[in-house]
Structure formats: C-alpha cells, structure tokens
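Below: the structure, in structure tokens.
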Amino acid sequence: MVTTTETPDGEGLARVETRLESLETMISDIRNDLREFRAEIREDLREIRNRMDKQFLWVLGIMFTMWISLFVLIASFMIAIINKLS
C-alpha cells in the first residue's frame, strides 16, 4: 500500500510525475542498449557465418582432392594388375 502526503500545492503529484519521467527515460535507455546489443550480435553472427563458409569451402576442396587422388591410386593399381595378368 502506497501512501503519499499531499500538500495543497500538489507537491506529491509532482514527485510522482518526476519519478515517472525518470523511469521512462531509464526504460528508453535500456531499449536503446538492447537495440545496439542486437546489432552487435547480428554483426558477430554474420562474421562467423562468413568464416564458416570459407572453412567449408576449404574442407570441400581438400575432400575433393583426396577423392581424386584415391581414384587415381586405385586406377593405377588396377592398370598394373591388368598389365601383370596379360
């Protein structure tokens, strides 16, 4: 229960209005901070995605090279075996 002692000139109401304005300012500041934080998070996520894309391409390139090398190795063994048998 909130009790206020009102003076005839409305001093209590003025204090409440002042406090309300102060709270509104604090909430506005918090909202702005959250917007900035979200923007920073989005930028960080964008950078992480770009790095992951680059690393994924490196992995694909390495795997492709490995499969080609393995195919060439197996083909050369098969050719060597066929040549020995004939």
Output a table of donor-acceptor pairs, distance under 3.5 Å, between side-chain atoms of residues 58-82 and any protein atom two or more places apart or on a different chain; print 'none' if there are none.
unit_1, atom_1, unit_2, atom_2, d
T65, OG1, G61, O, 2.8
S69, OG, T65, O, 2.9
S76, OG, V72, O, 3.2
S76, OG, L73, O, 2.7

field: With D33 via side chain to side chain donor-acceptor pair (under 3.5 Å) - residues at least two apart
entry: none
Let me check something: any side-chain donor-acceptor pairs from residues 38-52 under 3.5 Å, sequence neighbours excluded? List them with distances.
unit_1, atom_1, unit_2, atom_2, d
E43, OE1, R46, NH1, 2.7
N50, ND2, R46, O, 3.4

Pairs under 3.5 angstrom only: tabulate donor-acceptor contacts from the side chains of residues 16-25 to other protein residues two or more places apart or in another chain.
unit_1, atom_1, unit_2, atom_2, d
T18, OG1, A14, O, 2.8
T25, OG1, E21, O, 2.9

